[in-house]
Novice: 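If you scroll down you'll find the structure; I have some questions about it.
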Amino acid sequence: MSFPAHDPSKPISIPKTEENVLKYWTDINAFKTSQKLSEGKPEYSFYDGPPFATGKPHYGHLLAGTIKDIVTRHAHSTGHHVERRFGWDTHGLPVEHEIDKTLNIKGKADVMAMGIDKYNAACREIVMRYSGEWKSTVERMGRWIDFDTGYKTLDPTFMESVWWVFGQLWQKGQVYRGLRVMPYSTGCTTPLSNFEAGEDYRMTSDPAVTVTFPLVDDPSTSLLAWTTTPYTLPSNLGLCVHPDFTYIKIYDYEPEVPEYQGKHVKEADPIIIKDLQKKGRLIVRSDIMHSYPFCWRSGTPLIYRAIPSWFVRVANISDKLVANNEKTRWVPANVGEGRFGGWIRNARDWNISRNRYWGTPIPLWVSEDYEEIVAVGSIAELEKLSGVTGIKDLHRESIDNIEIPSQQGKGKLRRIEEVFDCWFESGSMPYAQSHYPFENQDRFQKSYPADFVSEGIDQTRGWFYTLLVLGTHLYDTAPWKNLIVTGLVLAADGKKMSKKLKNYPDPMEVVNKYGADCVRLFLVNSPVVRADNLRFREEGVREILANVILKWINSLNFYLGQAELFERTTGEKFVYDHDAPKSSNVMDRWILATCQTLIQHVDTEMGAYRLYTVIPRLLDFIADLTNWYIRFNRTRLKGIGGVEDTRAALNTLYEALYTLCLTMSSFTPFTSETVYQALRPTSPAPKDTSQDVRSIHFLPFPSVRQEYFDLVIERQVKRMRAVIDLGRLIRDRKTLKVKIPLKELVIFHHDQEYLDDVKSLESYIAAELNVVNIVYTTDESKTGIKYRATADWPTLGKKLRKDLGKVRSHLPKMTTEECKQYVNEGKVSVNGVELVEGDLIVTRFAEVNSEDNKFDTASDNDVIIVLDIQRHPELETLALLRSLTSRVNKLRKEAGLKPSDKVEIYYTVDENEQDYLKPAIAQQEEYLLKTLGNVPVELSQKSNDKEIIETEKRSKDSEDLAENERFVLKLVMV
């Protein structure tokens, strides 16, 4: 049950490491243990929209599962008990369509011939077909959710609660039967709801015909009608005309259509068109490309038919829907206000009935004339009304034969044939998952409405809508408090992911190649969490691995290596000390201050469900840790500053890594666990000995340590980094390696505080940019500071319209003085066009002569630097001697020499390399005698009787060294 030891000296396979984490979680029963540890804490409720198990999980499911896991893990870590139950959508068209294809079912007659019991048995067999793949995928992605106590919409307990929901609506008078023209799926032989009809609009080519309708009173005169649905013409009984004219009844020109019977309406189109042509009734024949609705499940074009259906009233509560929705939090808000808000403001009554078989039967028992209707709300009620006992199942084959005696002398009441739209079932999920109100009443009351739900943007007209409609009807409230809506995950080419086109990599292959944490981070650190679409790129996952996960692991490896070095050199095992004195080192104080800002930011933003602002900050912290803190403190961590300073640096690095584990644990559960387990050997024992510390996921989210907050140091380091980044930019642009010393760096800023901040960290800037002298100034004239103006052209164009061209042509000609005038006065005239504050963007820049190649400049639109880019031989000599001194001192240490031990120093230059040391040594012999106690000479001058006690072992290859540093040192004891 112990976690495999982490070996920093060996290459790491992230997918293999994640599999080790999964095994460890299984060994300690981590999820169930975490649930037990949180018992008695405040409840945080979460509703999981049930997927179908008739298909395998895709990237959209991985995204949704990751977001749900992040939010619920974070809720757990912030002191809540979070029940997480998986649910399965098992009824409806997705299942039936699969069976229809398999068994070649064409319509009702085929089902009746087969028998509803056998048809439903076939459906039941496939509903959980891919449940095993779902479970393994969900667990491999690191999501913690309970499959054992999960619900299925086919469970009698779930179905009974759906009956109860319907019964409540019936009692409130919110259900009625109506004959309406409805979108109808010929592929699934059932009407659809209006929101289902909008699920799959496609551009399609249809025939467009104009036909004659002769007037009855004047057969020589015809009305002309244009249509893209010729199949409707044989049944046309009349035309609608302008209300100011007299309506004229047109007799049906084709009362019998036997030649069209049995054909799909679209197959009949060309035959009907030919017949019209033969009769001389066709005036124009063409084709048109237009947007047309298709069945979201069968993929067949919808038609519109007048069909009796059962409806839930929605239009009459649209104001309540809007009001209840406005009380909830949508992330992003614009979807809840715009797309969803517009939909519910214009909501129409909901067709909840389907002329199908595999679903929850609508519990209405009716007389033949529909004058007597009984709505049944429970199994017990049905048994009482019918006299039938022992009812165990509620599917059609089990209850369609049950009759209820009429109370009005109308004989026996029989159940209507229709079943519920499966969206009615999923909308009932908050109640039905707990078999409410038949049991678990206390649990339901505590968890309703849910604290959190999340699905894709397609659910704005699906699950989110049905949840809100039923919640408003039942309790006049939205069933959620917070909702994250995501965009769609598309293929890299921007098209819908298609198995047929094979335009995307298999999700589990990507997970097994790069690791689940990489996939999780790639998905949530993308536009998709702002409800925009994401083009999935495997390279993006690879970049997360290289730039985030492996850098994090490398930071851990460096820490472990230095902790081991500390123990080896001092004989003292390093253990983190939470109560250690506050470090005086500015970089220690900066990274610890940054930790607190990070904790505060994650806590605040997760409280607002803004995942898209959390991930970038977490990734920035990893970069801060690896690219800045460790880089600037490498020698301290190696012990150059003495035992106490090394201990302080190790303590700081441990706390930074540990804080990162805790803040990232919800986002990257595998890597956080791996790093945490590797830190445990240098972790102190918990103060509370009863605390279970076997997993990072058993620990609470970190609290801010107020004593570490230091906004001034954070500001100072931020500004220092800006200057260093600009200096690196110039060096890269001019291909000047950092090994080459430069003479002077001028830093200009109009704010003296900025310059003071940077100056306080001058030693870091000088070392990182390898400059000898740094000048700080607010004097524009001394630095050659000029001003230029630019504009946000799209924004300015809306304001100026035809005058935009005048401004665009003249703006580059604006002088520094004109720009200053605009900054000071907030207005300026450009080519006769008056501009005011906010119209222009003014920036400063340093003007240098680029032709003489002596100076270069860079700016981030805040600070401006000017760097002397000339090479100075005397500086390069001094740099070489400093490097020589450092390497000699390191070699003395490796030889175990005391400061008082005297040695002779020899060197050999690499083969085919120039000897830069000889002339440099000749210029500075006095300096070298003083610092090294001797002057290095070529190895060829060593006499044979002198024994070499230590030879330098270079850590870098020759090509990685500066050209003048390609030599090897040797020591001889005097």
Side-chain angles (χ1 to χ4, degrees), residues 1-28 30-31 56-70 73 130 132-145 489 492 497 504-526 534 536-558 560 615 618-619 622 626 657 660-661 664-680 695-697:
M1 297 217 326
S2 61
F3 194 87
H6 177 74
D7 187 346
S9 66
K10 292 182 179 178
I12 188 170
S13 165
I14 295 300
K16 179 63 178 174
T17 301
E18 290 185 348
E19 288 170 8
N20 290 337
V21 171
L22 283 173
K23 184 177 184 305
Y24 179 70
W25 286 346
T26 301
D27 289 344
I28 65 172
F31 176 45
K56 295 180 181 180
H58 52 65
Y59 285 104
H61 295 123
L62 267 56
L63 167 68
T66 296
I67 290 175
K68 295 169 187 177
D69 189 56
I70 288 170
R73 278 184 183 273
Y130 293 115
E133 284 88 341
W134 269 90
K135 189 172 186 293
S136 62
T137 298
V138 168
E139 290 177 349
R140 182 62 187 87
M141 284 297 295
R143 185 181 178 192
W144 280 6
I145 192 162
V489 183
M497 289 186 171
Y504 66 96
D506 180 86
M508 292 316 295
E509 286 182 9
V510 174
V511 169
N512 292 329
K513 189 173 181 181
Y514 303 103
D517 279 353
C518 292
V519 176
R520 288 170 67 113
L521 280 185
F522 175 75
L523 290 172
V524 296
N525 187 39
S526 75
L534 165 67
F536 186 88
R537 300 180 305 110
E538 186 176 338
E539 313 89 77
V541 181
R542 187 187 305 120
E543 288 164 9
I544 292 288
L545 175 64
N547 298 329
V548 180
I549 301 298
L550 290 180
K551 282 192 173 183
W552 187 2
I553 294 295
N554 288 341
S555 299
L556 168 70
N557 290 344
F558 180 76
L560 295 174
I615 292 291
L618 288 166
L619 302 189
I622 292 175
T626 58
L657 288 166
L660 187 58
C661 283
M664 287 286 283
S665 63
S666 299
F667 297 86
T668 52
F670 293 103
T671 311
S672 297
E673 188 74 89
T674 300
V675 176
Y676 169 73
Q677 296 295 339
L679 290 174
R680 285 183 69 188
S695 171
I696 186 76
H697 303 291

Novice: Please name all residues satisfying side-chain contact (heavy atoms from CB on, under 4.5 Å) with N547, sequence neighbours left out, ordered by chain then number.
Specialist: E543
Novice: Please list every donor-acceptor pair under 3.5 Å in which a side-chain atom of residues 548-557 meets a protein atom from a residue at least two apart or in another chain.
Specialist:
from: N554; atom 1: ND2; to: L550; atom 2: O; distance (Å): 3.2
from: S555; atom 1: OG; to: K551; atom 2: O; distance (Å): 3.0
from: N557; atom 1: OD1; to: H6; atom 2: NE2; distance (Å): 2.7

Novice: Using every non-hydrogen atom in the two residues, find where E18 and A516 come nearest and quote the distance to one decimal.
Specialist: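 Heavy-atom minimum between the residues: OE1-N, 2.6 Å.
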Novice: May I ask you to check if R542 and F522 form a cation-pi contact, with NZ or CZ under 6.0 angstrom from the six-membered ring centre and within 45° of the axis?
Specialist: no
Novice: Would you list the atom pairs, donor with acceptor, under 3.5 Å between side chains in residues 505-513 and any protein atom, with sequence neighbours excluded?
Specialist:
from: D506; atom 1: OD2; to: M508; atom 2: N; distance (Å): 3.0
from: D506; atom 1: OD2; to: E509; atom 2: N; distance (Å): 3.1
from: N512; atom 1: ND2; to: M508; atom 2: O; distance (Å): 3.0
from: K513; atom 1: NZ; to: E538; atom 2: OE2; distance (Å): 3.0

Novice: Got a sec, which residues hit ring-ring contact (aromatic ring centres under 6.0 Å, His included) with F31, two or more places apart in sequence or on another chain?
Specialist: W144
Novice: Could you pull out all residues at least two apart from Y514 that satisfy ring-ring contact (aromatic ring centres under 6.0 Å, His included)?
Specialist: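 For Y514 there are no ring-ring contact (aromatic ring centres under 6.0 Å, His included) partners, ignoring immediate neighbours.
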Novice: Pair F536, M497 - check side chain to side chain contact (heavy atoms under 4.5 Å, CB included), show working.
Specialist: CA-CA 9 Å; F536 186 88; M497 289 186 171; 3.6 Å; yes
Novice: Just to verify, what does S13 make a side-chain contact (heavy atoms from CB on, under 4.5 Å) with, not counting sequence neighbours?
Specialist: P15, K16
Novice: So R520 and L62, do their side chains get closer than 4.5 Å, heavy atoms only?
Specialist: no
Novice: Please list, chain by chain and in numerical order, all residues satisfying salt bridge (Lys or Arg N to Asp or Glu O under 4.0 Å) with K135, sequence neighbours excluded.
Specialist: E139
Novice: Not counting sequence neighbours, which residues clear side chain to side chain donor-acceptor pair (under 3.5 Å) with N20? List them please.
Specialist: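 For N20 there are no side chain to side chain donor-acceptor pair (under 3.5 Å) partners, ignoring immediate neighbours.
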Novice: Can you list the residues that meet the ring-ring contact (aromatic ring centres under 6.0 Å, His included) rule with Y676, with sequence neighbours excluded?
Specialist: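 Y676 satisfies ring-ring contact (aromatic ring centres under 6.0 Å, His included) with no residue once adjacent residues are dropped.
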Novice: Return the set of residues passing side chain to side chain donor-acceptor pair (under 3.5 Å) with T668 (not counting sequence neighbours), or none when no residue passes.
Specialist: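 T668 satisfies side chain to side chain donor-acceptor pair (under 3.5 Å) with S672 once adjacent residues are dropped.
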Novice: Check side chain to side chain donor-acceptor pair (under 3.5 Å) between W25 and all other residues, then give those that pass, not counting sequence neighbours.
Specialist: E673
Novice: My understanding is that only residues two or more places apart in sequence, or in another chain, count here; which of them pass side chain to side chain donor-acceptor pair (under 3.5 Å) with K23?
Specialist: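 By the side chain to side chain donor-acceptor pair (under 3.5 Å) rule, K23 matches D27.
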